[in-house]
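Notes follow the structure.
Basis for what follows: all heavy atoms, side chains included, without hydrogens, waters or symmetry-related copies. Letters go in sequence order (proteins before strands), and every chain restarts at 1. On a predicted model such as this, the values are computed, not experimentally measured, just so you know.
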Amino acid sequence: MVDAVRAWFRDEGRDLPWRGRSTPWGVLVSEVMLQQTPVVRVEPVWHAWMERWPTPADLAAATQADAVRAWGRLGYPRRAKRLWECAVAIVDRHGGEVPADQEALRALPGVGDYTAAAVVSFAFHGRALVLDTNVRRVIGRAWRGEPLPAAHQTVGERAHAASLMPEDDAGAAEWAVASMELGALVCTARVARCDACPLASSCAWFRAGCPGLDDAPRRTQPWHGTDRQVRGRIMALLRAASAPLNVTGHAALADVEPGQLDRCLDGLLADGLVTRDEATGRCAL
DNA sequence: CAAGCGTGGTT
DNA sequence: TAACCAAGCTT
């Protein structure tokens with residue numbers, strides 16, 4: 001089954017710009033941008049970012065505000081802050097070179113288990129357990145007949161995924177990108193395209209009739225009127241501003257309840273995404 | 001460790 | 001249209 005997925009990927013895998021013809025830094029940037037954000041929205045920002053800051057040292061020499069502004073509307077702007085901090089740490093700790101060691105990667109700001117493994121695998125073609133939501137869904141369905149991954153990984157799930165990894169580095173790296181791609185393009189969360197799947201004949205979930213999709217529990221993401229939305233509006237305002245401004249008195253935020261606006265601005269200040277001049281009360285990135 | 005964190009396209 | 005969804009990380 002693993003080999004069938006790898007063969008499918010050689011024919012059907014997308015030729016994304018950070019695959020094969022980029023640098024470890026380009027791969028790392030793409031992985032951070034792709035955390036919870038779709039490929040189509042990442043691509044143009046990634047190109048502009050890599051043209052402006054082709055190495056970690058280039059980004060480290062810029063300001064955090066520049067990074068957050070260049071992040072634009074990708075969402076979760078704390079990722080931009082952490083990617084900038086990551087560049088600084090790579091210069092400080094690793095002489096400006098993205099480390100190939102998984103533990104060293106994992107210690108960088110904004111790099112968790114998944115991203116560290118992804119960089120080892122995609123950038124350095126090493127053998128690492130790349131277990132994102134796509135891979136978890138593919139393995140869960142095809143090998144165990146489960147419709148959707150559980151909220152949290154278990155030791156047993158990781159052990160099962162590890163047991164499927166090819167022994168050689170190149171094979172493990174190809175399996176990682178192939179299984180992720182299958183989950184992204186074919187074995188999708190809501191409407192699986194089982195007619196186009198190389199595992200259809202062997203998939204435990206397909207053979208069982210694709211059960212349990214409708215009643216599977218999903219996490220709900222409230223949005224309208226939430227702090228998250230207000231934070232986003234504040235950040236959008238400050239990204240567009242050419243000079244520090246008064247956030248709480250701004251006309252563009254006049255519809256926000258004052259208590260919520262204060263709370264959200266305080267949160268952004270605490271997160272280090274916004275700065276405030278205490279003399280004037282004006283804010284900037 | 002459950003909760004919080006952006007955004008825009010799709011249904 | 002409101003809800004759902006998309007390569008997680010941090011506290």
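Among the nucleotides C:dC9, B:dG8, C:dA6, the one closest to any side-chain atom of A:Y114 is C:dC9. Checking C:dT10, C:dA7, C:dA6 against the side-chain heavy atoms of A:R82 singles out C:dT10 as nearest. Of the candidate nucleotides C:dA6, C:dA7, B:dC5, B:dC5 has the atom nearest to the side chain of A:R78.
Rounded to whole Å, the distance from CG on A:L273 to C1' on B:dG6 is 11 Å. Here C:dT10 presents its P atom at 10 Å from CD of A:E85, a figure rounded to the nearest Å. A straight line from CG of A:D132 to P of C:dA7 spans 7 Å, rounded to a whole angstrom. Computed from coordinates, the A:W71 CH2 to C:dC9 C1' distance equals 12 Å when rounded to whole Å. Between A:L268 atom CG and B:dC5 atom C1' there is a gap of 10 Å when expressed in whole angstrom units. Taking atom CZ of A:R106 as the reference point, atom C1' of C:dG8 lies 10 Å away to the nearest angstrom. The distance between atom CG of A:D227 and atom P of B:dT7, rounded to the nearest whole Å, is 13 Å. Atom CG of A:L34 and atom C1' of B:dT7 are 14 Å apart (whole Å).
For the atom pair CE of A:M33 and CH2 of A:W18, the computed distance is 9.0 Å after rounding to the nearest 0.5 Å. Taking CD from A:E146 and CG from A:L148, the interatomic distance works out to 10.0 Å, rounded to the nearest 0.5 Å. With rounding to the nearest 0.5 Å, the separation of CZ in A:R79 from OG1 in A:T115 is 10.0 Å.
The stretch residues 231-243 of chain A touches DNA chain B through A:R231, A:G232, A:R239, each having a heavy atom under 4.0 angstrom from the strand.
In terms of heavy-atom proximity, A:P17 sits nearest to A:W46 at CB-CZ3, 3.6 Å. Of all heavy-atom pairs between A:Y76 and A:Q36, the closest is CE1-CB, 3.8 Å.
Toward the 5' end of DNA chain B, the nearer of the two residues A:T37 and A:H152, judged by each one's closest nucleotide, is A:H152. A residue-by-residue look at A:N134 and A:V111 shows that A:N134 has its nearest nucleotide of DNA chain C further toward the 5' end.
In terms of polar N and O atoms assigned as donor or acceptor, the side chain of A:T133 never comes within less than 3.5 Å of the base of C:dG8 in a complementary pairing. One can find a donor-acceptor pair under 3.5 Å joining the base of B:dG6 and the side-chain atoms of A:R228. Between the side chain of A:R41 and the base of B:dT7, at least one donor-acceptor pair of N or O atoms lies under 3.5 Å.
Residue contacts shown for A:W18 include a base, since a base heavy atom lies under 4.0 Å away. Among the atoms of the strands shown, none is found under 4.0 Å from any heavy atom of A:D271. Note on A:R136: nothing from the nucleic acid sits closer than 4.0 angstrom, heavy atoms only. Within the 4.0 angstrom heavy-atom criterion, only backbone atoms of the sugar-phosphate kind lie near A:T115; the bases stay farther away.
Ion pairing between A:R231 and A:D271 holds under the 4.0 Å rule for side-chain N and carboxylate O. A salt bridge is defined here as a Lys NZ or Arg NE, NH1 or NH2 lying under 4.0 Å from an Asp or Glu carboxylate O, and A:R158 with A:D113 fails to meet this definition.
Nucleotides B:dC1 and B:dC5 place their C1' atoms 16 Å apart, quoted to the nearest Å. Atom P of C:dC9 sits at a distance of 23 Å from the matching atom of B:dG8, rounded to the whole Å. With both ends at atom C1', the span from B:dA2 to C:dA7 equals 22 Å, rounded to whole Å.
Side-chain N/O atoms of A:Y114 and A:Q35 include no donor and acceptor closer than 3.5 Å.
Distances shown here put every side-chain N or O of A:Q35 at or beyond 4.0 Å from the OP1 or OP2 atom of C:dA7. Note on A:R190: a side-chain N or O is less than 4.0 Å away from OP1 or OP2 of C:dC5.
Side-chain N or O atoms of A:R276 include none that pairs as donor or acceptor with a backbone N or O of A:D266 at under 3.5 Å.
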